[in-house]
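Read through the structure below, which is laid out as structure tokens, and then see the notes.
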Number of protein chains: 4
Amino acid sequence: MLDGQLHEGQGGDTDTDPAVGGIAADRLRSIIERVERLEEERKALAGDIKDIFTEAKSAGFDVKVIRQIIRLRKLEPAEVEEQETLLDIYRRALGI
Amino acid sequence: MLDGQLHEGQGGDTDTDPAVGGIAADRLRSIIERVERLEEERKALAGDIKDIFTEAKSAGFDVKVIRQIIRLRKLEPAEVEEQETLLDIYRRALGI
Amino acid sequence: MLDGQLHEGQGGDTDTDPAVGGIAADRLRSIIERVERLEEERKALAGDIKDIFTEAKSAGFDVKVIRQIIRLRKLEPAEVEEQETLLDIYRRALGI
Amino acid sequence: MLDGQLHEGQGGDTDTDPAVGGIAADRLRSIIERVERLEEERKALAGDIKDIFTEAKSAGFDVKVIRQIIRLRKLEPAEVEEQETLLDIYRRALGI
DNA sequence: CGGCCGTCTAAGGATC
DNA sequence: GATCCTTAGACGGCCG
């Protein structure tokens, strides 16, 4: 029964304005709803991305490798070098 | 899994698609760019959300608690699923 | 109020043996408890691993790279080759 | 972040530790081997758990449902946290 | 700058 | 046997 607070507002006090916190309650509600709306949009975009990967897979691409490429493109070239260099150093330290 | 783009190509790309190393390069590029575009939009939305929280903080709200509220609102639908009591579940586990 | 079923057994019927499912209930309880015990041990090991990485970090190592090395050591050498080859192919297809 | 093992070394390894490329090779090897050992133990435990479920299945239990029970038992302690009602949380968010 | 939280990836299990 | 989904682990960003 958290639903009262969750989905209806402070049960029945909507006419005279929130009894709790005065005008602030409306402000709070607005904030929460705007954030939730934006999060939904984010979620929708995530779905779109997923669809593209599904399409890629259908076309015969290796999705994991595509992700890797996208990751590399996001990194500064210097960063990539650095990571690879460090990996080599550790490898040689281990003799592998 | 080297098949797919390496050994099959994919339907319809054999004529006009510039194949590099047996790969439908344009198709690949398109996939990657679309994903990157969507990720940018996602990032922008994250920024918008952050702005709202900054505003909330300025208005004197406790941002951490607001996050908590949003989290709870998201979780509650899931709790409905758990309405099925453990006793029932045990019974099903026991096959009776 | 799931606690009855969860932590005490089927409230009060422990003497004559479970009223639900006969002997099976005890068997079920045993299975669950053994699994839970093993999962705790797993969790403890995860903590130990985490501690080692913390130590590694303190010693100045790059934890991410160490993880990468461990991952590589786990893979068949052939697998490593394959992934790298495919990555190169995609990269060349994109001209990067 | 090339510092750390590359440019600082770490406390006490300068005298006896075989340094390869400026790296405390033995220290690194020790870290990796300990992690790998622990991961093996984890894997072994996973096998034990799997065996129990196999046994359960043989005994006629519904493995999926047993997993569900274990999952729920794990979640319940968390629910206690949520006892704090949303109203209280809202009040805190509003600072009253 | 270290710890915490949330997201994202990868592996394992269930399903068809 | 392949796909889909769920879950655990890894990663990066945010906050204190």
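Residue numbers start from 1 in every chain, and the chains themselves are labelled A, B, ... in the order their sequence lines are given, proteins ahead of strands. Note: hydrogens, waters and symmetry copies are ignored here, and every other heavy atom, side chains too, is used.
Atom CD1 of C:Ile49 is separated from atom C1' of F:dA8 by 13 Å (rounded to the nearest Å). For the pair C:Leu45 CG and F:dA8 P, the computed distance is 16 Å after rounding to whole Å. The separation between A:Glu39 atom CD and E:dC8 atom C1' is 16 Å, rounded to whole Å. Separating the NZ atom of A:Lys74 from the P atom of E:dC8 is a distance of 9 Å, rounded to the nearest angstrom. Atom C1' of nucleotide F:dT7 and atom CZ of D:Arg71 are separated by 9 Å, given to the nearest angstrom. Counting to the nearest Å, the C1' atom of E:dT9 and the CD atom of A:Gln68 are 12 Å from each other. Atom CG in B:Asp62 sits roughly 12 Å away from atom C1' in F:dC15 (whole-Å rounding). When rounded to the nearest whole Å, the span between CD of C:Gln83 and C1' of E:dT9 equals 13 Å.
Within the nucleic acid shown, B:Lys64 has no heavy atom closer than 4.0 Å to any nucleic acid atom.
Each of C:Glu40, C:Glu36, C:Glu41 was scored for a side-chain contact (heavy atoms from CB on, under 4.5 Å) with C:Leu38, with one residue passing: C:Glu41.
Salt-bridge annotation for A:Arg27 and B:Glu55: present, with a side-chain N of the basic residue lying under 4.0 Å from a carboxylate O of the acidic one.
Of the candidate nucleotides F:dT7, F:dC11, E:dG2, F:dC11 has the atom nearest to the side chain of C:Arg67. Looking at the side chain of C:Lys57, the nearest of the listed nucleotides E:dG2, F:dT7, E:dG6 is E:dG2.
Using a distance-only test at 3.5 Å, with no hydrogens or angles considered, no donor-acceptor pair links the side chain of B:Ser30 to the main chain of B:Asp26.
Both D:Lys50 and A:Ala46 sit near DNA chain E, but only A:Ala46 has its closest nucleotide nearer the 5' end.
The number of heavy atoms from other shown groups lying within 6.0 Å of CZ (C:Arg37) does not exceed 12.
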